[in-house]
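All ligand and atom numbering here is 1-based and tracks the order in the structure.
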Amino acid sequence: MAIDTEITTDFEIVIGLEVHAQLLTKSKMFCTCNTDYAYAAPNTHVCPVCMGMPGVLPVINERAVAYTIMTALALNCTIPEYSKFDRKNYPYPDLMKGYQISQYDIPLSRNGYLMIEHEGQTKRIGITRVHLEEDTARLLHREGYSLVDINRSGTPLMEIVSEPDIRSPLEARLYMQKMREILVYLGVSSGRMEEGSLRCDANISVRPRGQQELGVKTEIKNMNSFRSVERALSYEAQRQIELLQTGQPIHQETRGWVETKGITVGQRSKEYAHDYRYFPEPDLPPLIISRAWVEELRAQLLELPDARRARYMDEYGLSAQDANVLTEEKALGDYFERVVAASPTSDRKARAKAAANLVLNEVVRLLKANSFSLEENPLSPEASANLLDLLDKGRITGKQSKEVLEEAFASGKMPETIVKEKGIQPPISDQVALERIIEEVIANNLKVVSDYRAGKTNALQYLIGQVMKQTRGQAKADSVRSILITKLHETPSA
Ligand SMILES: [Zn+2]
């Protein structure tokens, strides 16, 4: 069964994805050049190794191997005891050595899976392998000539190949989103598709429903957002189905997604596919992966989004919706947990719910309004917890808390300091005093009162506003409301 069958019921779509992720190591895969080249001038992060000079020797970046194994473990893969690098030979101007060091028949891992979810349905997508290779240089095409920037050459690149288990463009997008979430959680990839540090190619074919044999596949490239993955595959599936329906052949080829036009176009035919002449890389030793090291890396794995989501629902009693949003980005979940932990309370679930509301509604809103990332958040978890404490103790009303929060966000001060400095009065807890004010408001607004009794419900809102004005926001809105309603119903009309 496919998640989403919007396109067709007569044909089945078969998709496999190849994800490439640049690893967040400090240095390149086989040399000591710094990988932090994003804003550097062209050809400034280079050395004889990554420029492919003759006679140099590559040295394996241990951290890149560790990141690949950690990712593979997070994707439930098996790690072999022995692995090796191979040369993939092909001539292209962006490949400095004329070959790429990659992994062919004994990759760092095999046979994993990843679960995707959509509207209560879950599906398991097989992972064929996760392996390690090096990125190429970058070509900048100008009119009549091309330039080459070697900064990217030799950056560690992890390739994650899925089984052809994906059955719809929506599933492909969900898979990519889940993959990105995991990579960013692990801290092995920036996950930035728009910058090309996370890239995705897709193999797609269609076949009449019920047919066992796979149809002729095409490979789609240049999809640089989740949205373009889904759009490109929808377009391509439709294109292939139309060819089959009109009795035309599908050519096995590589096609590029043209975002601006919303179409895929043929790039090169696979009939002339390269023979890569793979052979073991003679300049590198084989990799012996000790079980002790694998266990050490497994121990370093963080709690992944799915587990965290389940824990938020179980331990904190959060709704699936809140747990989902809080775990989408690791930093947001971390912040939420620090708010909950910042002040001990007898009712942890109630505090967690209040913290989730504060973070998801107010903090996220303030960050957005000020174009701040979570790392730039001026509101410490302790300040957020302090605000919740003040509300819990009844020291401030919900209305006052908004004002205090804005001020704490702007100044970075603790909410209790702001309450003191601004001389914010405690809410009117004196029932008698509050009732007196309410009676006064009723007496002074007889026209509105009769409107209310005639069924105009917004008349109540006006009266509440008047009471809040009289009490200068020190009354709790919910008690004003209930006292007001009681009084309006018991006072006989004048
Ligand atoms: Zn280098």
Atoms of type N/O/S from protein, distance to the Zn ion (ligand 1) below 2.8 Å: 4
Plane angle bin for Tyr104 and Tyr278 - parallel if under 30°, tilted between 30 and 60°, otherwise perpendicular: parallel
Heavy-atom side-chain proximity of Leu186 to Leu304 below 4.5 angstrom: yes
Closest contact, heavy atoms only, Ser384 versus Val363: OG-CG2, 4.2 Å
Check ion pair Arg255-Asp201 (N to O, under 4.0 angstrom): no
Cation over ring face, Lys178 and Tyr175, 6.0 Å, 45°: no
Chi angles and distances behind the ring pair (Phe, Tyr, Trp, His ring centres under 6.0 Å) call for Phe336, Tyr312: CA-CA 10 Å; Phe336 159 73; Tyr312 283 7; 5.2 Å; yes
